[in-house]
Structures are given as C-alpha cells and as structure tokens.
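Convention: sequence-line order gives letters A, B, ...; per-chain numbering from 1.
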Amino acid sequence: MTTTNKRGFAQEVWDFFCSLKLSIFLLIGLALVSIIGTVIQQGPQREYLATLSETKIRLYSALGFFDMYHSWWFILLLYLLTLNLICCSIKRLPRVWKVVSEPVLVMDDNFEKSLPNVKDLKLKGSKDELKSRMEAFLRSEFAAPVVTEKDGEYHLFAQKSPWCRLGVYVVHLSIIVIFIGALIGSFAGYKAYTNIPEGGAVSQVQTQSGKMIPLGFEVRCEKFTVSYYDTGAPKEFKSILTVMENGKPVPGFQSRPIIVNDPLTYKGITFYQSSFGQSDEGSLYHLTVRDRKGGAPVKLNARQGERIALPGGAFLSVMEATMDVRPFMRGFDGPGAQVEFTPAGGNPQPFVILSDKYESFNAQHGGDLLITFDGMDQKFYTGLQVAHDPGVWVVWFGCFLMVVGICMAFFMSHKRVWARVTDSGVTLGGSASKNPAGFEICFDDLVEKVGKA
Amino acid sequence: MSSSMLFNVTMVIYMVSTCIFFAFLASRAKAVGLAGTYAALFGFLVQTAAIGLRWKESYEQGHGHAPLSNLFESVVFFSWTIVLIFLIIDFKYRYRAIGFFVIPFALFGMAWAQLGLDSGIEPLVPALQSNWLMYHVITCFLGYAAFAVACGISIMYLIRESIEKGGGNVQAGGLLSMFPSIKILDDLNYKAIMIGFPLLSLGIITGAAWANYAWGTYWSWDPKETWSLIVWFVYAAFLHARITRGWVGRRAAILSVIGFAATIFCYLGVNLFLSGLHSYGK
C-alpha cells in the first residue's frame, strides 16, 4: 500500500515537472518578474536610494530586488525552467525518436485512414512491374524507398528530413549548453578594469569587487589619442598597446592599436577600450626664452615641477598648464602655464605665461628674459575593461545550436510517402509534420506524375 | 530629390494604402483589395529608395554609414520591415483585409518619424562603429515587424471572435465578411510568430556577440537586454501554448497582443523611460 502511494507521489512529481503548463507558467512568470529589475535600479547609486523611503529600501533589499537577477528566487526559477525542459525532453524524446528511427513501413487500412493525403490509382501492369516502377519513381521524384512485402502486397515507404523532428530538442539542449557556458564564465572567469598612463604599464588588474588579479604578463600603453567630429561628437578613442613578457615585447603584440569595437586578446584575456582621462604625470611643457636685448630664441622643454636653468642664471619651473586658458582667463585663448620664476640671486615669483600671441602680456614678467609658453604634450591615461571568460565559446556553441534547432523546428518538415502496390494498382498516402497545405500541393504533384509515368 | 522628400511621399502612400484597404472592407471588391496591396508595395519601393538615398547622403557628408543609427532611422527602418513582412504574408496567403490592420503601424511609424523626430544625419560615435550594428539591427527589427503583423492579425481575431460570440451574423455582410475565418487568423498569427521568433533569437544573439566583442560581456542584464528576454519568454510561452489545447485561439491572440506591447516597450519604452546602453531615444 505504502509503496504504491510512494510511487504515486513520485509519479505526480514527475508529471508536474514534465507538464507543459508548468513551462508556460515559468516562461510568463520569468517575463513578469524580470520587469522588476528593469524598473528598480540594480546595484543602486546613492542618489537613487535617496529617492526611496526607508521601508521601501528595507523591503527591496529583503526581497533581493537590488541584485534581482542574482537573487536566490530568480535563479531558482531559472533552475526550475531548466529542470522542466529536461524532464519534458526526457519524456517526449523516446516517442519522437521512435518515429525517426522506426518508421511505419506498412500502410495498412487503419493507418491509411489516419493519413491526411491518400490517393488510389488504377495502373496497368503486374504487381512486380508496378513495384519496380514505383521504386524508381519515388527514388527520382521524392526519396529512396524501403520495400516490404506483406500479405501478398508490396509496401513502399520513403521519407525526407525525418531528423527535423528533433529540432525542438536541439533548442532545449542549446539552452542547457548556454547555461553551462554562463556557469563556467561565472566560476572561472572575471571582469576587471585598469587605467594605464601613456608610457606606463600594468601587470595586474582590479575586479569589480576590488580584488587584484595578476595577468602573468605586462601591458604597456604607448599612446592614447582621441579625435572628434566637427560637431564635437567623439569620433575615435585609440590606445596603442604593447604586451610584454619578461620585460620584452611579445612578437605580434607590439604597438597594437585598440579602439572601441576592436579589442586586444592575449592568452585568453581581452582588453577593451573603455574610457580615458588626462594624466598629469609625465606631461612635457614647451617654452621659448629670448633675451629682451636681442639674440636668438632658445627652446626649452620642462616636466612638471622640474627646475630648469635659464640663460643668465635664472631658474623656472612649470607648476601647471592647460592647452586652452579660456575657462580661466576672460578674453584670452590658447595654451597657458602657471610658472615659478627665480631670477639670478632673487626670490621666486609666481606668474602666468601665454603663447606668443600675447607678447605684451608675457613681457610684464621675467626681468631681462621674455618667456613664452608654446604648449605641451598632453598625457592621457587609457581606461581598459579587462575580461577573461573561458565559458564564452560554450555559450556561442549553444547559440549556434539554438539557431540550428530553431531552423529545424520551424522551417523544415518531415515528409513521408507510402505506396501500397497490388495487382489492381497503387495506393499512395502521405503526411508531413508541418505546413500541411504546402505538402498537399507536393503530394498532388506526385500523384499526377505517377499517373503520367 | 532628397531622402526627406521621398520619406514624405512614402508616408502619403501608406495613408492612401490604409484608406484603400478600408474601402476594400466596405466594398468587398477584390480589385480594391489588390489595389491596397499594390499601393503598399509602391510605398515600400519608394521607402527603399529613400533609405538608399539617405545612406548615400551620409557618404556625401563624409561619414557614411547604414541608416540604422538613431531613433529617426530606426523608426523608419521598423516601418519598412513591417511592410516587408506584410507583403510576404500577403503575397503568400492573399488575405488582403489584414492590410487594414497592419499598414497603419507602418503609417504611424513614418508619421512619427517625419513629424516628431530629429532627422539629421549624425556621424557614428565610436560604440556604433561596427558591422555588428547592421546584423543586430536588421535581425531585431525584422523580428519586431513580424510581431507587429502577428499583433494586427490577433486584433482581427479578437474582433471577429467577439462578434461571432455575440451572435452577430458574419456571413450577412459588413466589414467583417472580408476577415479570414478565425481558424485561419489563428494559423496566420502562429505563422507570423514563427517568422518573428527565430529573428528575435538571432537579434538577441547578434546583440550578445556584439556586446562581448565591444566590452567583454555578452549579457549584463541591462534593461534593453532584459526586455528583449521578456519578449522572448512571452513568445516562447506562445509557441509552447500552441501544443496544449487550452491555449489556442483567443488566449493565443491575447498573448500575441501582449507580446507586441512588450516588444514596443522593449524598443521604445526602455529608451524613453529607463536608462541603459541603448540610448538613442534620448
């Protein structure tokens, strides 16, 4: 008694997980709950939280709404869907497999009645003659037939693309493959971020959770450039990167340009152009110094804060500089620098120098010297997104399977034709798994050709 | 001749086509229905030329790109794909009355684009400079368009079914007599979704491939991605519902209308109301 009850219960659980109603419920349920995560900000910013009441924040975090797609109940729904599609497939696959692997070879009366397309043809000739004629006909017009002799009649069976019936299971499998790929990625992969100043190099990157991950090699940023359209919209962000191992550039990975939509991959780790910024370190400033009494101008280069010697025993250091002074000085434009000038034997004097366009402005300072600021080599840092995902090819394989499976399931049809040959003629029967109207035309066409043959 | 002029012509032709389809429902004359289809075809050809011309114009401005990059261009392309899918189904199954329920979607798109959206040709920002843009946009919008056609057909289904249930005599005449039978409408709804679902799946896959290629994450639960998945779930539910007997006909039609509402929200609502990666709506 108890055993049957247990069996009954197990059977019920099995039926529950096999049911299509559960599939529909889960699909619609997932669609509905997914909306929550698009309305409530995920991994919320402080400003967003400030707009919510205390109770809402407590409720949302208790329900996991702030990281909804990783909450236990959302993941549970996904697992249930997976379990459901596995059970459904296990339950239905053997039946479908039987249709594919053990086709009905003989069209008896009962089976004939179940077919949507049947036609009796009176044809002259003996049974054996008709059999070989039909065999040749089906082979050339449809597909190679299997011949069975039963009760003094010949039965021919031919079919086209029987395996397309498996399409829906290929789609189910593809979803499982994609999930496996995603799991591999989440356990064995990482997403990280790094900033590299021009001329600098990194050998480790930081993940979103703040963990440092060593790369096993070095990436150097040779140069970063940004260009704009006339409209002011950005046109291109470009980093020139070099991969170094043991202090030497790796052949083939030297001075590689990386732009948005064209990343660099080395040893399974990919670097994506993501952001940039101005780096103060390492900028080189250009100055021209001329004696007011005459003489050739002298060109000088300075780094930030560096004390450089001027002709006549004075010193100068550049404190900060910009390529455009417009935001800081009304009525002026072009490059400008804040400098500290120390005359020979005197005290440091801070002042601003501009380009040679403003000679009289520059002439206000500098004693015997006329100092002009010519500009600078602006240094940028490049912001790179770094990703390592060993599961991604599994995901792509799953996507490929899905496309193949969908094409099999939606656009292909399992077409079957039977012919029963007796002394009085031939009976043709046919059916297709999809597009019955289309198959009817194909079947009528076959019947007409047999009549003529 | 500029593309903008041709887009105006397109809009007028779609309006004419809608009127002819209405006249067809009223007059029940086969020739009128055919005229409606040919008007739609003519509008489609003019729109194709206009899109081609706009493409050429972008090259003349020195930053040539396929006209698929901003909200104006996407609305115009959406309208084009709706008419394309409609014409395919119309020429295959010849149920002309469907035109009255589908062409207005295309007309509405063109009217909104021409009257309400900024039609300037902008150069492509770095994130959009990729061939994936074409693969992704074309597959997505063909899918959306098939769902639009399925929605039009489902609305016909719901109208016809409610009148039949209410005891209205369909055979006696009136607009309804030109509607295909509810069995055929149910089947056409399924067929349109059978075109749309694979295209949407491809659209999501090409989007994921692009995202992975551009910044190393094929799926990041961005609102747009999530909504595309929501739409996918709804139509997956629809396809599974076909197998169980309780979920055909009326329920399937309602699911198809809900699916299209979700599609429109995925396309426009996400850009207009939520923040995320697809920011062309701003």
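- At least one side-chain heavy atom of A/Val403 sits less than 4.5 Å from a side-chain heavy atom of B/Leu202.
- Heavy atoms of other residues, nucleotides or ligands lying less than 6.0 angstrom from NZ of A/Lys191 number more than 12.
- Using a 4.5 Å cut-off between heavy atoms, A/Ala31 contacts chain B through both its backbone and its side chain.
- Here CG of A/Asp262 is found 11.0 Å from CD of B/Gln129. Values are rounded to the nearest 0.5 Å.
- More than 12 heavy atoms of other residues, nucleotides or ligands lie within 6.0 Å of OH in A/Tyr48, so this atom counts as buried by the packing criterion.
- Ring geometry, B/His240 versus A/His172: the interplanar angle falls under 30°, so the pair is classed parallel (tilted spans 30 to 60°).
- For B/Leu128, the part lying near chain A is the backbone, with the side chain staying farther off; criterion is any non-hydrogen pair under 4.5 Å.
- When atom types are taken as modelled, the side chain of A/Glu236 and the backbone of B/Val125 share no donor-acceptor pair closer than 3.5 angstrom.
- Side-chain atoms of A/Tyr229 do not come within 3.5 Å of backbone N or O of B/Glu122 as any donor-acceptor pair.
- Between chain A and the residues B/Gly216, B/Ala127, B/Ala241, the most heavy-atom pairs under 4.5 angstrom are made by B/Gly216.
- For A/Thr270, no part lies near chain B; criterion is any non-hydrogen pair under 4.5 Å.
- The choice from A/Gly29, A/Ser274, A/Ala437, A/Ser34 that makes the most heavy-atom pairs within less than 4.5 Å of chain B is A/Ser34.
- When each of B/Leu255, B/Ile258, B/Thr217, B/Leu229 is checked for heavy-atom pairs under 4.5 Å with chain A, B/Thr217 comes out on top.
- Heavy-atom distances place no part of B/Ala262 under 4.5 Å from chain A, backbone and side chain included.
- Looking at A/Ala409, there are no atoms closer than 4.5 Å to chain B (heavy atoms on both sides), in backbone or side chain.
- Rounded to the nearest 0.5 Å, atoms CE (A/Met68) and OG1 (B/Thr226) are 8.0 Å apart.
- Proximity to chain B (any heavy atom under 4.5 Å) is shown, for A/Leu32, by neither the backbone nor the side chain.
- The most heavy-atom pairs under 4.5 Å with chain A, out of B/Gly62, B/Ser201, B/Ala237, B/Ala236, come from B/Ala237.
- The aromatic ring centres of B/Trp219 and A/Tyr69 sit 6.0 Å or more apart.
- Note that the OH atom of B/Tyr218 and the SG atom of A/Cys399 stand 9.0 Å from one another [nearest 0.5 Å].
- Closest approach of B/Pro126 to A/Phe237, counting heavy atoms only: CG-CE1, 3.6 Å.
- Residues B/Val234 and A/Leu27 have side chains not in contact (no heavy-atom distance under 4.5 Å, counting atoms from C-beta outward).
- Around NZ of A/Lys91, the count of heavy atoms belonging to other residues, nucleotides or ligands within 6.0 Å exceeds 12.
- Counting heavy-atom pairs under 4.5 Å between each of B/Trp247, B/Trp227, B/Phe233, B/Trp210 and chain A puts B/Phe233 at the top.
- Counting heavy atoms of neighbouring residues, nucleotides and ligands inside a 6.0 Å radius, atom NZ of B/Lys191 exceeds 12 of them.
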Where do B/Leu239 and A/Phe410 land on the side-chain contact (heavy atoms from CB on, under 4.5 Å) test, with the steps shown first?
CA-CA 11 Å; B/Leu239 292 170; A/Phe410 286 170; 3.3 Å; yes
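- To the nearest 0.5 angstrom, B/Leu200 atom CG is 9.0 Å from A/Ile406 atom CD1.
- Counted within 6.0 Å of CZ on A/Phe187, heavy atoms from surrounding residues, nucleotides or ligands total 12 or fewer; the atom is thus considered open.
- With a 4.5 Å cut-off on non-hydrogen atoms, B/Ile204 does not touch chain A at all.
- Crowding of A/Trp393 atom CH2: a count of heavy atoms from other residues, nucleotides or ligands under 6.0 Å not exceeding 12.
- Within 6.0 Å of the CZ atom in B/Arg242, the count of heavy atoms belonging to other residues, nucleotides or ligands exceeds 12.
- Heavy atoms of A/Phe411 lying under 4.5 Å from chain B belong exclusively to its side chain.
- Both the backbone and the side chain of A/Leu30 come within contact range of chain B, with heavy atoms under 4.5 Å apart.
- By the 6.0 Å contact criterion, CZ on A/Phe397 is open, its count of non-hydrogen atoms from other residues, nucleotides or ligands being 12 or less.
- Annotation: side chain of B/Tyr213 is not in contact with side chain of A/Tyr272 (no heavy-atom distance under 4.5 Å).
- Proximity to chain B is limited to the side chain of A/Val395, based on heavy atoms less than 4.5 angstrom apart.
- With a threshold of 4.5 angstrom between heavy atoms, B/Ser130 approaches chain A through its backbone and through its side chain.
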Verdict with reasoning, B/Asn212 to A/Trp396, per side-chain contact (heavy atoms from CB on, under 4.5 Å):
CA-CA 11 Å; B/Asn212 189 63; A/Trp396 295 150; 3.8 Å; yes
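- No side-chain N or O of B/Trp132 forms a donor-acceptor pair with one of A/Asn261 less than 3.5 Å apart.
- Atoms CD and OG, on A/Gln42 and B/Ser220 in that order, are 11.5 Å from each other to the nearest 0.5 Å.
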